[in-house]
Every structure is written in structure tokens, then in C-alpha cells.
A.B. asks: 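Below is the structure I would like to discuss, written out as C-alpha cells.
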Amino acid sequence: MIYRVHKFQVGKEIDELDLERYLNELKGEVVSIIPNIIPKFHMMGATAGYDCLLIIEKDTE
């Protein structure tokens with residue numbers, strides 16, 4: 001089995017149509033979608049956000 005990792009960049013919000021189009025173009029089976037969590041510090045405390053999605057694909061070759 002061959003696994004491939006793809007990086008899907010996102011802005012403040014995930015564009016559902018772009019993500020759907022990207023996933024439908026993949027040849028193999030999508031195993032997992034993992035958000036890359038990054039800390040964000042503010043004056044009143046800290047929160048978390050994300051900057052990209054890691055998409056793990058199992059190649060069907």
C-alpha cells in the first residue's frame with residue numbers, strides 16, 4: 001500500500017466547494033483529513049486556529 005499526504009491551504013474559513021472539488025480529483029481513497037492546529041494569542045487569552053488541512057490518501061495502484 002502506498003499512502004500520499006496532500007496539503008490543502010485554507011484561509012479564515014474553509015471553502016467547501018474548493019475542498020469538494022479537490023477531494024473528487026484524488027485518484028485513491030481518502031483515509032483521513034487532519035487540521036493543522038496553530039495557537040493564536042490575544043490580549044484576553046489564547047485560542048486555536050488552523051492554516052491547512054492534511055489529507056491522507058491511500059493509492060489504489
Side-chain angles (χ1 to χ4, degrees):
M1 285 186 272
I2 297 174
Y3 292 93
R4 301 188 194 286
V5 178
H6 305 277
K7 189 175 188 178
F8 184 79
Q9 293 289 345
V10 295
K12 290 189 175 215
E13 294 183 7
I14 297 172
D15 186 0
E16 294 174 11
L17 293 176
D18 282 344
L19 180 58
E20 182 178 345
R21 189 177 312 117
Y22 186 82
L23 291 174
N24 286 329
E25 290 176 358
L26 295 176
K27 303 278 188 231
E29 175 186 349
V30 175
V31 176
S32 181
I33 299 176
I34 304 166
N36 186 35
I37 305 295
I38 54 173
K40 293 183 179 182
F41 299 101
H42 305 282
M43 294 293 287
M44 299 300 289
T47 60
Y50 49 85
D51 62 350
C52 69
L53 300 174
L54 299 176
I55 301 170
I56 299 160
E57 170 194 17
K58 182 164 73 170
D59 204 352
T60 57
E61 293 180 356

A.B. asks: Hey, could you give me each pair passing side-chain hydrogen bond (donor to acceptor under 3.5 Å, both in side chains) that has a residue in residues 7-16? Not counting sequence neighbours.
C.D. replies: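 For residues 7-16, and leaving out neighbouring residues, there are no side-chain hydrogen bond (donor to acceptor under 3.5 Å, both in side chains) pairs at all.
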
A.B. asks: Can you name the closest pair of heavy atoms from P35 and L53 and give their distance?
C.D. replies: CA-CD2, 3.8 Å

A.B. asks: Are I33 and V10 linked, directly or through other ILVMFWY residues, by side chains that come within less than 4.5 angstrom of each other?
C.D. replies: yes

A.B. asks: Distance-only check: which donor-acceptor pairs under 3.5 Å involve side-chain atoms of residues 17-32, not counting sequence neighbours?
C.D. replies:
{"unit_1": "D18", "atom_1": "OD1", "unit_2": "R21", "atom_2": "NH1", "d": "2.8"}
{"unit_1": "N24", "atom_1": "ND2", "unit_2": "E20", "atom_2": "O", "d": "3.2"}

A.B. asks: Nearest 0.5 Å, please: how far is CD in E57 from NE2 in H6?
C.D. replies: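 Atom-to-atom, H6:NE2 and E57:CD are 3.5 Å apart.
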
A.B. asks: According to side-chain contact (heavy atoms from CB on, under 4.5 Å), who are the partners of M44, at least two apart in sequence or on a separate chain?
C.D. replies: none

A.B. asks: Please determine whether residues I56 and F8 belong to a single hydrophobic cluster, defined as Ile, Leu, Val, Met, Phe, Trp and Tyr linked transitively by side-chain heavy-atom distances below 4.5 Å.
C.D. replies: no

A.B. asks: Measure the CG-CG distance between N36 and D51 for me, rounded to the nearest 0.5 Å.
C.D. replies: 4.5 Å

